[in-house]
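Take a look at the structure set out below.
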Amino acid sequence: MEINEAYRILGASRSDDENTIKKKYKRLLFLHHPDAKKHRGETSDDGMITKVIEAYKTVRENLEPSAEEIDTWDWEAAVNEGAFSDRSVYVQYRIYDDEELPLSKVAEGKYIWDPDLEDFPFFTKSVLEAAKDVVSGAGETPSKESLMRVFHLMMQEYIFPADAARKLGEPVGATEDTEEYQFSGYIKENPRSSVEVFHEGEPVDIFLSDNRAVAQNPVTGTFLGDISFDDDALYYVLLPLLEEPEVKVTAQMMRLIKTGRKRNSIMIRIALRIPKNLKDIPVSYKEQILEALRRKRE
């Protein structure tokens, strides 16, 4: 949609500030919402409400948020002063349950991801943007390999694994000194051995190997397969805790899932016993990021 048409649909002008445009947008959403039209005895026009949403998205993309606007937000997440760079924080508001407004940038800084405040997909979007800025700023077009290397390092700078695990996991028990949280994962198995190795309730050892979570039989030491998660956030939350000596990790097989003629998976239950006094320590990967940028130029 052309920017001039977008302003026309919203009944706005280029001299309007963002708050004014947002008010006009919300008024049009209420005006053209099917429920509101039905109440007024008017015929619903789904095409118009789609145009309004597209127009607002177009105008938003052409507006540069002012530093003043960003500073008015008091983002409550922790800050990692040692992180390589700032990142944006995005939220998405809803007017109706099934209607999402365009993303809004509400803050910028070296904020730690808080699962209670920020959706993980929006968090990864902000880190990817920051990584692209870092890699592009080093000169030349970034390769996918160097970009993803910097992205993964920056993701780890913005996550407190123990704090996130406490918020994402299902609480299943506690003692005077520890709390236990439960997560689900899946072992991607060799199709020839999946039926043979699965025994419901049998324990599984899990550990890190080449930055991957893997499973093995605790008795025979047989490699069972890589571990995957439905929630992408768990790769950045659970994997660091597998190497935390104060966290006790246990796992057991739950059920066999037939995912195809030649491939099965085993659903496992992973339990983390985390000391109540365990505090996350901010990490800085400045040297590793600079090294990745140097390799990019070679």
Side-chain angles (χ1 to χ4, degrees), residues 1-77 79 85-137 141-142 147 151 154-155 158 232-233:
M1 180 180 290
E2 295 291 333
I3 186 66
N4 289 336
E5 182 186 3
Y7 274 107
R8 180 184 61 77
I9 291 173
L10 295 175
S13 68
R14 292 178 184 271
S15 61
D16 290 339
D17 61 24
E18 188 168 358
N19 285 334
T20 301
I21 293 173
K22 186 183 294 185
K23 288 178 182 178
K24 292 181 178 181
Y25 169 63
K26 289 183 178 180
R27 180 178 61 80
L28 288 172
L29 285 181
F30 282 113
L31 183 65
H32 293 289
H33 192 274
D35 291 342
K37 286 204 164 192
K38 183 178 179 181
H39 181 72
R40 296 194 301 268
E42 301 175 4
T43 303
S44 176
D45 181 5
D46 294 336
M48 187 59 196
I49 199 167
T50 300
K51 288 180 181 178
V52 170
I53 294 172
E54 184 180 352
Y56 183 64
K57 180 180 179 181
T58 300
V59 172
R60 285 276 302 176
E61 289 174 348
N62 282 267
L63 288 175
E64 287 293 334
S66 65
E68 225 176 27
E69 174 193 357
I70 294 174
D71 288 342
T72 59
W73 289 84
D74 184 18
W75 195 247
E76 297 179 353
V79 173
S85 73
D86 291 351
R87 69 176 184 89
S88 300
V89 176
Y90 295 105
V91 298
Q92 188 169 50
Y93 301 105
R94 293 172 182 264
I95 290 183
Y96 303 101
D97 289 342
D98 58 348
E99 184 179 322
E100 297 176 339
L101 299 179
L103 290 184
S104 296
K105 177 180 175 180
V106 297
E108 184 173 349
K110 298 179 179 181
Y111 291 106
I112 295 296
W113 175 58
D114 187 332
D116 291 341
L117 300 175
E118 190 178 4
D119 290 343
F120 188 74
F122 303 157
F123 165 61
T124 57
K125 167 185 167 63
S126 77
V127 179
L128 183 58
E129 288 177 353
K132 286 180 178 178
D133 288 342
V134 168
V135 177
S136 299
T141 304
L147 174 60
F151 168 74
M154 293 177 71
M155 284 285 288
Y158 298 126
D232 287 342

If the condition is side chain to side chain contact (heavy atoms under 4.5 Å, CB included), which residues does [X] pass it with, not counting sequence neighbours?
| X | value |
| --- | --- |
| Ala130 | Ser85, Arg87, Met154 |
| Ile112 | Ala78, Asn80, Phe160 |
| Lys23 | none |
| Arg8 | Glu5 |

Sub-4.5 Å side-chain heavy-atom contact between [X] and [Y]:
| X | Y | result |
| --- | --- | --- |
| Val89 | Glu118 | yes |
| Met155 | Thr124 | yes |
| Val91 | Lys105 | no |
| Tyr7 | Ile21 | yes |
| Asp16 | Lys24 | yes |
| Thr58 | Glu2 | no |

Tyr90 side chain to Glu129 side chain, donor-acceptor N/O pair below 3.5 angstrom
yes
What orientation do Tyr56 and Tyr25 show, parallel under 30°, tilted 30 to 60°, or perpendicular over 60°?
parallel
What class does the angle between the rings of Trp75 and Tyr111 fall in, given that below 30° is parallel, 30 to 60° is tilted and above 60° is perpendicular?
perpendicular
Quick one: pull up [atom1] in [X] and [atom2] in [Y] and give me the separation to the nearest 0.5 Å.
| X | Y | atom1 | atom2 | answer |
| --- | --- | --- | --- | --- |
| Ser88 | Leu103 | OG | CG | 11.0 Å |
| Asp17 | Lys22 | CG | NZ | 10.5 Å |
| Leu128 | Asp133 | CG | CG | 9.5 Å |
| Leu10 | Thr20 | CG | OG1 | 12.0 Å |

Could you check Trp113 against Phe123 for ring pair (Phe, Tyr, Trp, His ring centres under 6.0 Å), going step by step and ending with a plain yes or no?
CA-CA 7 Å; Trp113 175 58; Phe123 165 61; 5.5 Å; yes
Main chain of Asp116, side chain of Asp114: is a donor-acceptor contact present, judged purely on distance under 3.5 Å?
yes
If I compare all heavy atoms of Val59 with all of Ile3, which pair ends up nearest, and what's the gap?
CA-CD1, 3.9 Å
Applying salt bridge (charged side-chain N to carboxylate O under 4.0 Å, His left out) to Lys110 and not counting sequence neighbours gives none
Kindly write out the residues that satisfy salt bridge (charged side-chain N to carboxylate O under 4.0 Å, His left out) with Glu54, not counting sequence neighbours, or none if the list is empty.
none
